Structures are given as structure tokens and as C-alpha cells.
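One structure is given here, and the rest of the page talks about it.
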Amino acid sequence: MTTDNGFEDVRQPDAHTLILFGATGDLARRKLFPALLHLDAADMIAPGTRVIAIGRRPFDEESFRTEVEAAIHEFGRSGEIAKDIWTRFLSRIFYCPTDVESIDDFRRMGELANKIEEESGTHNRLFYLAMAPEFFGPVGLRLREAGLTEAGGWRRLVIEKPFGHDHASAQLLNDELCQVFAEEEIFRIDHYLGKEMVQNIEVLRFANSVFEPVWNNRSIANVQITSSETVGVEERAPYYEHAGALRDMVQNHMLQMIMMIAMEPPSRLKTEAIRDEKVKVLRSLRRYTPAEAARHVVRGQYLPGAVDGKSLAGYTNEPRVAADSRTETFIAAELFVDNFRWAGVPFYIRTGKRMALKSTEIVIQFRDMPKHLYFNQNGSLGPNLLVIRVNPVEGMYIQLNAKRPGTDGTVIPVAMEFSQPSDHSPEAYERLFLDAMRGDSTFFTRWDEVSLAWKFVDPIAEAFQHEETSPLNYYRAGSWGPKAADDLIRRAGDQWWPVFGQDTPSVESYLERKLTQAKEMR
Ligand code: BG6
């Protein structure tokens, strides 16, 4: 829950049985089990909480616990965990081999859950679907058919992305799930909403009086949101080939960041009030027809390239990618939120795989000082920037103009900066798990958000079917994307600001990079 003054209340969640589908999969091994152990170590898991891990493979309890331990050693911060916590944590875990097509297996799962709950004394159930999306709907229905959803306590469903492939399939899935769970019981994950600095946007905006008066089209020239990755498609080609960057990143993470930046102050810091304001942003987001999308959205695909002397394959040379694939691995777009606060302010977004740096960053660019006024005689003053760094560094940076110390009167950009090492913040999955266990859905996606996001994305996906009007642009692996993405933003007289990456040694050098670009822009 979020209390009235906006502070988190750190109550331990109720005891419950977590029924985790996809427990032998990659997400569970890399993120979910490490997150659970860290929550247990922080005393955020009630004594009666048990985990029933569901997978296809034939583990028994002991061998599965050994697997979990190995996965956490590989992917978690297990070094910090005391031995008795490990023992307590592993003893919570049970394993139930299941064929998700078999109702008999669901009945056995129900028997196991009942038996465990007789001893643990809880009847609350948290179902977590970390599995291939085609199973989401059928699993929901089988849970009901086997009586698993009627244990007598609360029940909640946590569901991973993707929630549908387009609006029609998302609607179908939602209809199926709503036969079993109420909207308040469904927690749709967007892990970006669990990130420290994405959650911090709300605090920065609504806990600082300096921002609200300038948070609008009178003061802000444009907003730029970059989420660049250095990895390629890796092992996920069968999914990614059908998703592409549009469905994989834009429909969810990029739109969520736009909503957090653009939303109106909610009437109270309460879940539904916050989500209502976010939804209004999507309602105001200009929806492009396929023809308009061709002008405002650029798509790209990576070619072979090299980073640090290491050569990288092009997308179509990746394992299990079709040699003639037209799937986009990069998107840049110019979006508009057509309301009084934001009319006329472009929201530029770009995201892609195999780019030069791993970085997620939001730049708010303020309007230029009037030309010829005071220190801006030749129009050479750089704009003020507010940069929210989401990843890999967490923090914020404000660029101002100030006098260079000394007597020559030169005006130079200076940085006000705060940053924190990201290893001090809990992982996104720790926060989101904890919220779901507590029943707080503020940082989960409500159905109307999902629905509107798909309605926005569908015509763009449709535009991508037409090569003549929406051509696929190519970029070298390890670069900043295709030239068409630079042309898109340059057309409006703007330019992408360089992002802060892991390899950027200091704020000073960052500033230097930004300055060099600022000069080039003039
Ligand atoms: C996931 C996408 O939702 O987000 C991946 O499916 C992507 O393709 C990932 O790599 C990026 O997340 P993060 O937290 O590393 O920025």
C-alpha cells in the first residue's frame, strides 16, 4: 500500500502459497528465485509462506531445491545471505511436475497445495505465470476447473508479458482471465515499473515544488526517452521474430515511461487515482494511422558489426532467425500527447538491440533562452536539461549555465548531479513481488492501459507491413541505430542527446559529450 504521505509502509505481507508456473525457466532462475531469497532475507516473507514450483521436468523436492540454490548462486547476490536464511528459504520450496495441458495434473497440484496449507495454516494463494504466453489463458481456466482458485483466502494472479500480440488477442486473453479472476486480482507485470528511478519519477515530480510550474509545454521543448541494449536477440528468436521492438519494448516499457512523465498529479497518492491519470495520458496520446506512422516512426534492424574488436552477427544471421526476416530490432518515434499540458511537445523515443551502450535515460529538454538576450547574444547557450538516469547508473542530473570562475566572463554549462549505485536498490522483481504479495497494484498495468497501448501500437504494426511506405532501415551492430532515426528528430530541429553509459567515466566527460553535441546542433 502507499500511505497518504507517499511513504511505503513496510508491513510484512500475509502468509500465502505461491504457485509458480515456469519455475524451471530462465526468468525464474535469473530473477524470481533470487528476488524471493532476498525478500526472505529482508524478513519480508511471512513464516507460513510456501512456494509450489511448477515445471514440466521431473525433479523431486531435494533435486529442485539444489537447482534453485545453484541458480541463485549464479544470478543473485547470494554472498550476503546467512546460512540459516538459506535453510529457511529452501525449506519453503516444493516441486510439482506438471503437464499444463492435463487437468489431472492440476488436480494433483491442488491436493499438494491443500496438504501443504494444512501444515502452514494459510489459504491465500498467489499464482505466478512465468511461462510461454499461449498458456496464460488455458492455465487460468484450468486453475478454476481443478478448484485451485477456491481455497478460502485471497487469490491473486501475477502474469508476465506479453499480454497479447495485438488488441484482439489481448482482449481474448483478458476475457478468459476475467472468467476466473477479478481485475483487482490480476497483476500484469511491466518490470520497468519496478525500477527505482521509474518509481522515483513520481516522487521527483510530486515532492518538489520546483518542477510543477515548469512541467509543461511553456517550458519544455521536448522529451527524449532512450532504452538501448547491447545484447542481440540471444536465445529468444522464436518469440522475438513475431514481436519485434515495437511489441517487445514500445507497447509496454516505453509507453509506461511516457505515462509517468506526462501524467497529471493524481487526486491522491492511491493506486487507482495514479492509474487513472496514467490512462488519461494514453487517451491523449496521438494515435497514428498507418500512413502517419510511416512519417513519425522509424524501424531498423541490425547488420553485422563490431564492438571492442569483437565481431557481432547481424540479426538475420542469429540462430533461429529467418534469413529474410523483416522483424525490427530498433524503433525511433516522435509522439505527441495532445492535451493542454503537452500540446506541441514532441516525445521522442528510441529503443533497440545491439546498440552502442546499455542505457535507459529520460532527457527533459527545456526551452532555449530567447536569442540575443543577455548571455545568448549569438544563440550559443545550451538548453537546460533534466536527465533521469534509469540504468545502468541510477540518478538525476540537471544541466545549467553558469559563469566560468575567473574574470573572462565566459558562460559554461555545469552539472548538478546525484547518483546512486544501482546495487543498493532492490531489484525490480523484488519490489514487484513484494507489492503483489501485499496486494498493491500501483506499479502493475491495469487492463485499460494494456488495451489503449495496443490500440496505439496496432496501426504502427500495420504500417510495418508496407515496405514501400515504412521501409526497414539498417544499422551496424554496436551503433546508435539507423540514420533515419537522426533524420526523424532533426526534421523538427532537434537532436538526440548522448546517453550516459557504463563506459562513461565521469560526469565531466558526460558533460563534455553533451556540450560537443550542443555545439554541433547550432
Ligand atoms: C524485456 C524485453 O521486457 O525487457 C527484452 O522482453 C529486453 O527484450 C528487456 O531485453 C530489457 O529490460 P532491462 O531491464 O534490461 O532494460
Side-chain angles (χ1 to χ4, degrees), residues 22 25-32 34-35 75-76 129-133 136 158-165 170 187-201 225-258 260 299-302 312 315 318-321 325 327-331 349-362 388-394 422-423 425-433 443-445 449-450 453-454 457 477 481 499-502:
D26 217 39
L27 182 69
R29 289 163 44 77
R30 281 171 187 270
K31 300 283 183 192
L32 304 184
F75 299 112
L129 309 191
M131 60 199 317
F136 293 164
V158 181
I159 186 161
E160 277 292 333
K161 65 176 270 259
F163 199 94
H165 177 76
F187 291 67
R188 298 177 193 81
I189 293 246
D190 183 312
H191 79 279
Y192 268 55
L193 288 176
K195 290 184 188 268
E196 171 66 25
M197 287 309 292
V198 174
Q199 297 197 349
N200 209 356
I201 295 172
I225 305 180
T226 300
S227 191
S228 56
E229 297 188 80
T230 48
V231 292
V233 68
E234 302 192 299
E235 305 303 312
R236 299 165 71 220
Y239 151 75
Y240 199 84
E241 275 279 85
H242 297 285
L246 179 66
R247 293 181 172 93
D248 187 47
M249 292 292 291
V250 176
Q251 189 271 346
N252 36 70
H253 311 320
M254 303 304 278
L255 290 184
Q256 285 294 341
M257 287 189 279
I258 291 183
M260 298 296 283
R299 63 183 177 127
Q301 188 188 80
Y302 61 86
L312 301 166
Y315 179 69
E318 300 277 18
R320 296 191 287 172
V321 170
S325 172
T327 301
E328 80 284 353
T329 59
F330 174 96
I331 296 261
I349 58 168
R350 63 178 164 165
T351 180
K353 301 236 177 248
R354 280 277 188 252
M355 293 177 66
L357 286 178
K358 166 80 180 161
S359 181
T360 299
E361 201 172 270
I362 303 169
I388 298 168
R389 288 191 216 134
V390 177
N391 178 278
V393 182
E394 287 175 354
S422 50
D423 49 3
S425 326
E427 274 256 335
Y429 273 101
E430 288 170 42
R431 291 165 202 274
L432 295 176
F433 242 133
F443 291 111
F444 292 82
T445 320
E449 285 173 59
V450 179
W454 279 123
V457 157
V499 302
F500 199 108
Q502 202 98 54

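Indexing begins at 1, ligand by ligand and atom by atom, following the structure's order. Along the sequence shown, the residues carry numbers beginning at 1. Small disclaimer: the values here were computed from a predicted structure and weren't measured.
Although no hydrogens or angles enter the test, the distance criterion places a donor-acceptor pair under 3.5 Å between the side chain of Glu328 and the main chain of Leu246. At least one donor-acceptor pair under 3.5 Å links the side chain of Lys161 to the backbone N or O of Asp248. Within the 3.5 Å criterion, the main-chain N or O of Tyr302 finds a donor-acceptor partner in the side chain of Thr329. For the pair Arg389 (side chain) and Glu394 (backbone), a donor-acceptor distance under 3.5 Å is absent. A donor-acceptor pair is defined here as one N or O able to donate and one able to accept, closer than 3.5 Å; no such pair exists between the side chain of Arg30 and the backbone of Phe75. A donor-acceptor contact shorter than 3.5 Å links the side chain of Gln199 to the backbone of Leu193.
Residue Glu160 is tested with Asp190, Leu129, Ile189 for a side-chain contact (heavy atoms from CB on, under 4.5 Å); the sole match is Ile189.
Thr327 and Glu241 share a side-chain donor-acceptor pair at under 3.5 Å.
Interface of Lys195 with ligand 1, defined as ligand atoms under 4.0 Å from a residue heavy atom, comprises 13 (P), 14 (O), 16 (O). In summary, the atoms of ligand 1 found under 4.0 Å from a heavy atom of Lys358, numbered by their order in the structure, are 13 (P), 15 (O), 16 (O). Every atom of ligand 1 is numbered from 1 in the order shown, and the set under 4.0 Å from a heavy atom of His253 is 1 (C), 3 (O), 4 (O). Heavy-atom contacts of Glu229 reach the following atoms of ligand 1: 7 (C), 10 (O), 11 (C) (cutoff under 4.0 Å). Heavy-atom proximity to Lys161, at under 4.0 Å, picks out these atoms of ligand 1: 1 (C), 2 (C), 3 (O), 6 (O). Every atom of ligand 1 with a heavy atom of Lys353 under 4.0 Å away is listed here by number and element: 5 (C), 7 (C), 8 (O), 10 (O).
Here the heavy atom of the protein found nearest to atom 12 (O) of ligand 1 is His191 NE2, 3.1 Å. Distance from atom 5 (C) of ligand 1 to its nearest protein heavy atom, with residue and atom name: Arg236 NH1, 3.3 Å. With hydrogens left out, the protein atom closest to atom 16 (O) of ligand 1 is Tyr192 OH, 2.5 Å, a heavy atom.
Heavy-atom distances between Asp248 and ligand 1 reach below 4.0 Å in at least one pair. Residue contacts with ligand 1 do not include Tyr240, since none of its heavy atoms lies under 4.0 Å from the ligand.
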